[in-house]
Amino acid sequence: MIAVEHLTKYYGDFLAVDDLSFEIDEGHVYGFLGPNGAGKSTTMNIMTGCLSATEGHVRIDGHDIFDEPEKAKRLIGYLPEIPPLYVSETPEEYLRFVGEAKGLRGSVLREQIEKVIADTRIGDVRGRRISALSKGYRQRVGIAQALLGNPKVIILDEPTIGLDPIQIIEIRDLIRDLGRSHTVIFSSHILSEVQTICDRILIIARGKLVAFDEPQNLERRLLAPSEISLKAEASAEEARKILSGVAHISEMDISGMDTDIAGMDANGKKENRVSIRVRTDCSDIYAVSRSIFFAFAKGGRPLLEMALKKANLEDVFLELTDNAAGEKDRDEDLEEEVED
Ligand code: ADP
Ligand code: MG
């Protein structure tokens, strides 16, 4: 459906998109995930023909976005990061204006406007000035204009940014609905959002594609193996001996606990307590924790605490983008928080 080939973009000397290549197939919801400044908006602006590339190609259904812009653009609906809404107009007037610009006329235009108003659920505010609408409604008007002309692909740049939690849920539901009838690509710097809506995730950092996979596969890549931390009433040697009989432990780290914290037993003898961290390569972390539980019971040493830390997509994301996110981007994040 969309082929992006060796896309590169320089702003002056600054390399914002670095030799990006990927393909988008029909019928999926793609999440374009990356920290602020990763190059998401730049890539989307190029993919939609709003910005020129320094090098590389974008083909929409075989049509080059630069050589055949009209044919290519007709297949895409785009909601930019800052949508050009005309705040003195009503949603209905605005949609008519955008529809005409997309070449729709007469009854086709009227039907299309009704359809996108219904799809984005803005019927109750259709006659109000856009300036009087909440940010959530404005964002829906922006999505409605992207849907005009019934394009196959909908591209949304950070559609939930700046919305309150309820509006965010509503927009996410809307994106999910759109995914039933369109190919959807939306960007976000929030992992959990992408994880819940998308069936394909592209992770971009410093203009480079660092991962492209289904959410489950990304989790399975488990860059950080699953970890279990334990506290047991045992000496380090006893704990080591007990754990040596448990399968699937790839690493263990045993340390004696502070003796001041360790209690006394009934005879006033100091008890041994150890803190243990084990790592496992087994995908079923509960199977491992069960074995550990029974091994300690069998060894006659009580387990006092057990906590599981499953590696998740968050770990993968942080690891993939960690070194890529520069100081500058972190500063931008801080500014955003202050504004909020
Ligand atoms: P994202 O959408 O992932 O936050 P952008 O594509 O907006 O990232 O920006 C990528 C990088 O390019 C950032 O470092 C940004 O500061 C820089 N950049 C974006 N637009 C311009 C521009 N018009 N001129 C110069 N630098 C830009
Ligand atoms: Mg952006």
Side-chain angles (χ1 to χ4, degrees), residues 2 4-22 24 29-58 65-66 76-85 135 138-139 142-143 146 153-163 167-168 171-172 175 184-195 197-198 200-212 218 313-314 316-340:
I2 300 183
V4 170
E5 296 161 6
H6 302 292
L7 202 64
T8 299
K9 177 70 183 180
Y10 277 94
Y11 291 112
D13 298 338
F14 181 76
L15 180 58
V17 174
D18 187 2
D19 194 26
L20 208 57
S21 296
F22 57 87
I24 301 290
V29 177
Y30 290 85
F32 210 51
L33 182 68
N36 286 330
K40 303 181 296 294
S41 297
T42 301
T43 305
M44 289 182 150
N45 281 330
I46 297 172
M47 284 168 74
T48 51
C50 300
L51 184 70
S52 65
T54 309
E55 263 173 71
H57 290 277
V58 176
I65 193 84
F66 306 117
I76 315 170
Y78 182 37
L79 174 69
E81 196 163 22
I82 301 158
L85 293 177
K135 208 158 179 229
R138 283 192 201 191
Q139 202 64 315
I143 296 175
V153 187
I154 307 292
I155 300 182
L156 311 169
D157 193 1
E158 304 242 16
T160 62
I161 207 162
L163 302 184
Q167 294 168 337
I168 288 177
I171 295 292
R172 285 180 191 167
I175 294 173
V184 179
I185 308 170
F186 81 98
S187 67
S188 174
H189 61 282
I190 304 162
L191 172 78
S192 58
E193 168 162 291
V194 166
Q195 200 171 3
I197 315 176
C198 302
R200 298 277 190 284
I201 298 180
L202 296 101
I203 300 180
I204 170 173
R206 277 203 180 160
K208 277 189 182 300
L209 190 67
V210 291
F212 186 3
L218 283 176
L313 207 47
E314 192 98 31
V316 181
F317 178 53
L318 288 176
E319 178 140 1
L320 287 172
T321 56
D322 197 24
N323 301 325
E327 287 301 320
K328 187 177 163 294
D329 304 331
R330 266 178 225 130
D331 291 348
E332 280 173 9
D333 273 348
L334 285 178
E335 273 166 30
E336 253 175 47
E337 275 160 26
V338 171
E339 273 168 27
D340 287 344

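Each ligand, and each atom within it, is numbered from 1 in the order the structure gives. As a basis for the values below, the full set of heavy atoms in this structure was taken, side chains included, without hydrogen atoms, waters or symmetry mates.
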field: Among Leu191, Val194, Val210, Leu209, side chain to side chain contact (heavy atoms under 4.5 Å, CB included) partner for Ile203
entry: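 Filter result, single survivor: Val210.
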
State whether the shortest distance between N or O atoms of [X] and N or O atoms of ligand 1 falls below 3.5 angstrom.
X: Thr42; value: yes
X: Gly37; value: yes
X: Thr43; value: no

message: Treating Glu158 as the side-chain partner and Ser187 as the backbone partner, does any N or O pair qualify as donor plus acceptor under 3.5 Å?
response: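 No; zero donor-acceptor contacts below 3.5 Å.
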
task: Tell me, please, which residues at least two apart from Ser21 pass side-chain contact (heavy atoms from CB on, under 4.5 Å).
output: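 So Ser21 forms a side-chain contact (heavy atoms from CB on, under 4.5 Å) with His6.
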
Residues that Glu193 engages under side-chain contact (heavy atoms from CB on, under 4.5 Å), provided they are two or more places apart: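 Counting only residues at least two positions away or on another chain, Glu193 forms a side-chain contact (heavy atoms from CB on, under 4.5 Å) with Thr160, Ile168, Arg172, Phe186, Ser188, Ile190, Ile197.
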
message: Let me check your reading of the structure: within less than 2.8 Å of the Mg ion (ligand 2), is there an N/O/S atom from Thr42?
response: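 Given the 2.8 Å cut-off, Thr42 does not count as a ligand of the Mg ion (ligand 2).
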
query: Parallel, tilted or perpendicular: which describes the rings of Phe22 and Phe212, with under 30° parallel and over 60° perpendicular?
result: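 Taking Phe212 first and then Phe22, their aromatic rings stand perpendicular (interplane angle over 60°).
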
task: Out of Lys40, His189, Lys9, indicate the one that has the non-hydrogen atom closest to atom 1 (P) of ligand 1.
output: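 Residue with the shortest heavy-atom distance to the ligand atom: Lys40.
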
task: Could you establish whether Gly39 and ligand 1 come within less than 4.0 Å of each other, counting only heavy atoms on the residue side?
output: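 Distance cut 4.0 Å: Gly39 passes for ligand 1.
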
field: Proximal atoms of ligand 1 relative to Asn36 (non-hydrogen, under 4.0 Å)
entry: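 By the 4.0 Å cutoff, the relevant atoms are 4 (O).
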
CA sep, side-chain torsions, deciding dist, call: Asp157, Ser41, side chain to side chain donor-acceptor pair (under 3.5 Å): CA-CA 7 Å; Asp157 193 1; Ser41 297; 2.6 Å; yes

